[in-house]
Amino acid sequence: MSNEAPTENRTEPQRKGTAGTDGGGGALPPAYDHRDVEARWYRTWKERGYFHADERDHARPPFSIVLPPPNVTGSLHLGHALTATLQDVLTRWKRMSGFEALWLPGTDHAGIATQMIVEKELLKTEKKSRHDLGRAEFLKRVWSWKEKYGSRIGEQHEALGASLDWERERFTMDEGLSRAVREVFVRLHEEGLVYRAERLINWCPRCHTALSDLEVTYEEGHRGELWSFAYPLAGAIDGGPREIVVATTRPETMLGDTAVAVHPDDERYRALVGKKVVHPLADRELPVIADAILVDPKFGTGAVKVTPAHDFNDFEVGKRHGLEMLTVIDPDGKMNASAGPVAGLDRFEARKKVKELLAAKGLDRGSQPHLLPLGKCQRCETVLEPLLSRQWFVRIEPLARPAVEAVEQGKTRFIPEQWTNTYMAWMRNIHDWCISRQLWWGHQIPAWYCPDGHVTVARTAPPTCGTCGKGDLRQDEDVLDTWFSSALWPFSTMGWPEDTETLRTFYPTSVMETGHDIIFFWVARMMMMGIHFMGEVPFRVVYLHPMVRDEKGQKMSKTKGNVIDPLVITEQYGADALRFTLAALTAQGRDIKLAKERIEGYRAFANKLWNATRFALMNLVDVTYGQEDPGALARSPADRWILARLQRAVRSTVEALEGYRFNDAASTVYQFVWHELCDWYIELSKEALYGDEPASKREAQAVLTHCLETSLRLLHPFMPFITEELWQTLQAQVGARWGESIMLAGYPKPGTPDEVAERSFGPVIGIVDALRNIRGEMNIPFKVVLRDVQVGGLSEEALATLRSETARVVRLANVEGFTLSGTPTRKVPGSAVAVGSGFEVRVPLTGVVDMAAENARIEKELARLDGDLAGLSKKLSNPSFVERAPKEVVEKDRARAEELREKRVRLLAHRDMLVEAASADGVASSSSAPSPPTATPTATEPPTSSAKGGQRGTSPRATDPATNVKVQAKPAAKRKQSRGAGRDPAKKKQSRSAGARPPPRGRQKITAQAANKATKTKPAKKAVARKSLTRIPPKRTSSRKSSPRKTALKKPAAKKRAPKGRSKG
RNA sequence: GGGCGGAUAGCUCAGCGGUAGAGCAUCGCCCUUACAAGGCGAGGGUCGCAGGUUCGAAACCUGCUCCGCCCACCA
């Protein structure tokens, strides 16, 4: 993993003033300030060309990602920050792992969005419309706007630490990409896949342009009305019907009606089919037609007005029946001259007017409220109007089919997988794509018209008409849908249509990382275009990240004003903290609700890392750390343990990254660094580091350095800045030559964790936890040294470790060992005890604390134990379980039950000693313990609850033998009941209070136990478990998807028991 | 009208067939010579509801209720 440092004269960035005032050699200030670090390192990396990927380097396997191009005129929001973070994590990780990693940046011209921004600005500053300026002049303005603001995106990415290959930055309207766009358009046209036709399209009366189906946002549940009116029958027959009633949500369109449709099987209207109705507001008659597709006889009156030019369904009907397509609404959303009495009115005004006019003629047939979806412009939210218009389309089916097949064949994989269905469903039911837009900003369609109206499609302006040879050609004024050029992004940015080395090396890209909101807009279209023009899918994996929402779960949007600027966060907490937060929150399948507290937490993590390194620096004075293998050097249990844990962390992290489980990767590193390296190892290492035993010291120094250095590399993709800073500092301090940048260092490789080391250190951790718990619960200040501590169940080695390395952690003195199965070497009445699986600790507390407190503590412990034991016993006594459950499971439970029983025996023995001691000394209980009875020989059994006046009276002695039996009996006590018992508002009180159950007077022992049990129930495990987590290294950390190995580990020490020695045992 | 996702500790979320977890917040004790952006300890959960499958369900199945999103041409 170590890379040599090729250049000795590294141009290391100047570090800000170093305050080396602290005792050690540490040159770091006591708190991490990202502002000192981030910009400096980014500049350095960029200058040194670390971000650049070499397409000619075939020694390293290629890895490539193209950045989803943000809108040029835009500004990054948190969604972009998320994208940038995840892609940078992948890129840096792969780059460190030996790949030639390309991350290609660029921006999108964003047709409508950009044009609108500039138009708005123009109106504001100069009170002019784009038409006042003219096309050429307006475009000039847009370009200058782009020049002015387009760099903002880049700066924001830099602030985030994105290792983008800036040398390859592209813009969808730059010359190269424009050429690719024309090439694609022309080729598709030649293949008959691009055509021009008059169709009904979605039209935005405000943006004044056609839109694709996708750009329509349907707003659900719009409250409208379904208004009915009558069409009088022409030449009504005597005695027959005189009219046909139809319903509509858009009365104004009736002026464009050219038929009335009924269902062919509808008896009510059968006789009327083929007849005519009279249009009440226009001088014409409409045929009554029969159409089984359009009409649902059960809806409304069963008769439908047909407006082919303003409704998608009706348009189809019109085609089927050869109806006239009468347009009555103009592109501004106003009624046109064909609208007769309402001509010139806005469409919504016309709606009212039409109703009035028809009502005046006695044709109003009432209305009813109606919920309907309203199609609005994605961009300006104006209600769209279906209009008949001549536009350019892409015939999509031939392109979609291969794109579907590619996914079916696994050439491209979606993560999370569920999106595959979404993609497939859309692709299989796709409509032709309207690609022309009546805008100015964009790729002007490469089609030219001669005076006779012939169309010539060409890559460059043709001198003469391709059909008739005439000159004086005029280019199509429309531009292409922005997504048209976006669809080419993976290959147009790499030089297509040229056959470039870059394309050969980096296409297909490795991963497309983007939001699921643009699967259709972008991902699907890239798939189609990529396959069609490159003959290969554009990416092997599509990773769809979650949406970032505000802390209330709302989508961030400018209109809601809840958009968070990543730069603000970055300045406040640091890019590393933001990045780590985003990665840690990125789980598959759930949106991200970002709360500031979370970011603060990870900023603290950065600070923790900073200080851990600072600690190391202070203790690595006069040390050179070469190439020794710390694994070979490490002899002490703690050293071997942390190295094993490191291995495991590396492995989990890499596995998580490989599975795109960013949250798992982040939390694994977090857990290791903070709770294992810092909380445990650094504390343990102090003994050796501060001591004067050279070999131990050297060993600890090497191990500490190794763990830190590896952690920094492990963490680098997530927190690039601070890791570089610390890595460099550490490197300089120990005089190593790891390399010129952590960016170029190798990513840690998963090794095989030393399970023996993990296992053998487990009891030590368990004992320390137990001792801390005793201190905590009994309020023994850290200053007070625990003397004459007896420890049972530890090997000599472990005992030595406890004596030497943990003395400072829990402050012990005179630790003695004893054989667990035997009698304590020295009986210490009045001591606190902690019983764990495979170990036991006794801490003499006479004179230190009130023994009543200890008694209470033990009772609590016992109760928990009983609860657990009861559950287990019940399970094990169930014949079906024993017979049908897998043998391993049964065995496991048996072993556990055995352990618990053993613990129980020992705990009871301890309690008895307490009782003896109490009776002997006549200890006065006063302080903490709620149950004075402790002191009383007889009343040993203050069932925790105490205050409540629980029952007591178990005879300590009797317990032993009874123990096991008892346990069995326990089940009787219902946990639920016990729970219900507590009526105290305070929850904790509740669970504790034994009172609820009526004590069976008869048998005292049972009673006591029942009480215990009641007390116990749930709280028991909780507490226990919790501890185990943090503390117990073996189990917790590995947690998640750990490898099979893990399981193996747990059995011995670790797992549940180790943690809190005492509580759960 | 279809489809998808979510519902687990006060908050934000992991877990997804074998004894309920993290971070933050809360409470208590500590300025223990890397870190108070800290250390140690503790408390806190009928895993949305109802059925079912199973020796065993937070996890699998069915139904339901709430949130959120996507798709859809019922006038």
Side-chain angles (χ1 to χ4, degrees), chain A residues 22-24 26 28 30-32 218 226 246-250 261 294-296 299-300 303-306 311-316 372-373 386 418-419 421-422 425-426 429 516-517 519-520 547 551 553 555 584-585 587 589-591 593-595 597-598 600-608 610-619 663-664 667 670-671 678-679 682-683 686 690 772-773 775-777 779-783 808-809 811 868 871-872 875 878-886 889-890 892-893 896 976 979 986-988 1018-1019 1021-1023 1025-1027 1029-1030 1036 1039-1040 1056:
Chain A
D22 31 29
L28 301 178
Y32 173 54
Y218 286 97
L226 188 59
V246 296
T248 179
T249 53
R250 304 177 57 205
L294 176 75
V295 182
D296 171 2
F299 186 92
V304 185
K305 62 190 272 303
V306 181
D311 182 280
F312 289 97
N313 288 318
D314 295 359
F315 178 72
E316 295 302 321
L372 73 161
Q418 54 187 98
W419 294 112
N421 292 333
T422 304
W426 189 73
N429 190 26
H516 57 72
D517 53 336
I519 290 183
F520 306 144
M547 298 286 107
E551 62 264 70
K555 201 166 178 173
L585 291 174
R590 190 193 286 238
D591 288 348
K593 276 186 227 169
L594 191 65
E597 294 72 35
R598 202 73 190 239
E600 283 168 10
Y602 290 120
R603 177 187 56 175
F605 177 55
N607 193 54
K608 190 74 181 173
W610 177 265
N611 274 287
T613 306
R614 181 161 171 265
F615 167 80
L617 295 175
M618 293 163 78
N619 290 284
N663 58 331
D664 283 351
S667 63
Y670 178 93
Q671 176 70 25
C678 291
D679 285 354
I682 285 187
E683 292 309 319
K686 287 175 181 174
Y690 295 170
R772 280 175 172 166
N773 179 264
R775 269 187 190 282
E777 294 217 341
N779 282 332
I780 305 170
F782 191 76
K783 286 163 279 216
R808 129 183 352 255
V809 175
R811 290 235 175 151
D868 287 356
L872 265 181
K875 202 168 167 188
N878 176 352
S880 346
F881 171 69
V882 180
E883 285 163 25
R884 307 199 193 184
V889 175
V890 177
K892 207 176 111 195
D893 282 351
R896 211 175 92 76
K976 268 108 208 248
R979 173 165 312 155
K987 319 121 172 252
K988 55 170 49 184
K1018 42 194 58 172
K1021 27 187 83 174
K1022 202 138 290 190
R1026 131 159 337 137
K1027 232 60 164 283
L1029 277 199
T1030 14
R1036 197 321 148 296
S1039 65
R1040 254 152 257 229
K1056 320 260 148 132

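Scope of the values below: all heavy atoms of this structure, side chains included, with no hydrogens, waters or symmetry mates. None of these values were measured; they are calculated from a predicted model.
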Checklist entry - Angle class for the Tyr602(A)/Tyr670(A) ring planes (parallel below 30°, perpendicular above 60°, tilted otherwise)? => result perpendicular

Next on the checklist: To check you understand the geometry: which heavy-atom pair defines the closest contact between Ala31(A) and Asn607(A), and what is its length?
Outcome noted: CA-OD1, 3.5 Å

Checklist entry - Distance between the P atoms of rG10(B) and rG17(B), in whole angstroms? => result 26 Å

Checklist entry - At their closest point, which heavy atom of Lys608(A) faces which heavy atom of Cys678(A), and how far apart are they? => result CE-CB, 3.7 Å

Item to check | Nearest heavy-atom neighbours spanning Ala584(A) and Asn663(A) | outcome: O-CB, 3.2 Å

Checklist entry - Nearest-Å distance, CG (Leu585(A)) to C1' (rC13(B))? => result 8 Å

Item to check | Rounded C1' spacing from rC49(B) to rC30(B) in Å | outcome: 46 Å

Next on the checklist: Between C1' on rA37(B) and CZ on Arg614(A), what's the gap in Å once rounded to a whole number?
Outcome noted: 13 Å

Checklist entry - Expressed as a whole number of Å, how far does the C1' atom of rG23(B) sit from that of rC60(B)? => result 30 Å

Next on the checklist: Please report the distance separating the C1' of rC29(B) from the corresponding atom of rC67(B), rounded so that it comes out in whole Å.
Outcome noted: 42 Å

Checklist entry - Of the nucleotides rA37(B), rC4(B), rG41(B), which has the atom closest to the Asn773(A) side chain? => result rG41(B)

Checklist entry - Could you spell out the base pairing of RNA chain B in dot-bracket, with Watson-Crick or G-U pairs whose two distances are under 3.5 Å, [ ] crossing and | to another strand? => result ((((((((.[[[[.)..(..]]]].(((((.......))))).....[[[[[..)....]]]]])))))))....

Checklist entry - If you check the Lys305(A) side chain, which of rA34(B), rA75(B), rG23(B) turns out closest? => result rA75(B)

Checklist outcome for this item: To the nearest angstrom, the NZ-C1' distance between Lys593(A) and rG5(B) comes to 12 Å

Item to check | Which nucleotide in rA72(B), rA37(B), rC35(B) has an atom nearest any side-chain atom of Glu683(A) | outcome: rC35(B)

Checklist entry - If you measure from the C1' atom in rC13(B) to the same atom in rA20(B), how many Å do you get, rounded? => result 15 Å

Next on the checklist: Can you measure Arg603(A) atom CZ to rC35(B) atom P for me and round it to whole angstrom units?
Outcome noted: 17 Å

Item to check | Trace of the side chain to side chain contact (heavy atoms under 4.5 Å, CB included) decision for Ile519(A) with Trp419(A) | outcome: CA-CA 9 Å; Ile519(A) 290 183; Trp419(A) 294 112; 3.5 Å; yes

Item to check | pair Lys686(A)-Phe615(A): side-chain heavy atoms closer than 4.5 Å | outcome: yes

Item to check | Rounded P spacing from rC64(B) to rG2(B) in Å | outcome: 11 Å

Next on the checklist: Nearest heavy atom decides the nucleotide; on that basis, is Ala584(A) or Ala612(A) closer to the 5' end of RNA chain B?
Outcome noted: Ala584(A)

Checklist entry - Are the side chain of Asp591(A) and the backbone of Met547(A) linked by a donor-acceptor contact shorter than 3.5 Å? => result yes

Checklist outcome for this item: With the side chain defined as heavy atoms from C-beta on, Tyr218(A) is closest, among rA75(B), rA72(B), rA34(B), to rA72(B)

Checklist entry - Are Tyr602(A) and rU12(B) close enough that a side-chain N or O sits under 4.0 Å from OP1 or OP2? => result no

Checklist entry - Does OP1 or OP2 of rU32(B) have a side-chain N or O of Lys686(A) closer than 4.0 Å? => result no

Checklist entry - So, for Asp311(A) and Pro386(A), which heavy atoms are closest and what is the spacing to 0.1 Å? => result N-CB, 4.3 Å

Item to check | Nearest heavy atoms of Leu585(A) and Lys593(A), plus distance in Å | outcome: CD1-O, 4.3 Å

Next on the checklist: Nearest to the side chain of Asn611(A), heavy atoms from C-beta on, is which of rA14(B), rA75(B), rC35(B)?
Outcome noted: rC35(B)

Next on the checklist: Quick check for you: among rA75(B), rC35(B), rA34(B), whose closest atom lies nearest to any side-chain atom of Asn607(A)?
Outcome noted: rC35(B)

Item to check | rG56(B) to rG68(B) separation - C1' atoms, rounded to the nearest Å | outcome: 34 Å

Item to check | rC66(B) versus rA25(B) - spacing of their C1' atoms, nearest Å | outcome: 26 Å

Next on the checklist: Rounding to an integer number of Å, can you tell me how far Asp591(A) CG sits from rA7(B) C1'?
Outcome noted: 14 Å

Checklist entry - Atom CZ of Phe520(A) and atom P of rC69(B): how far apart are they, to the nearest Å? => result 16 Å

Checklist outcome for this item: note: Arg772(A), atom CZ; rU32(B), atom P; distance rounded to Å ~ 15 Å

Next on the checklist: Just the rounded figure in Å: distance from C1' of rG2(B) to CG of Asn429(A).
Outcome noted: 12 Å

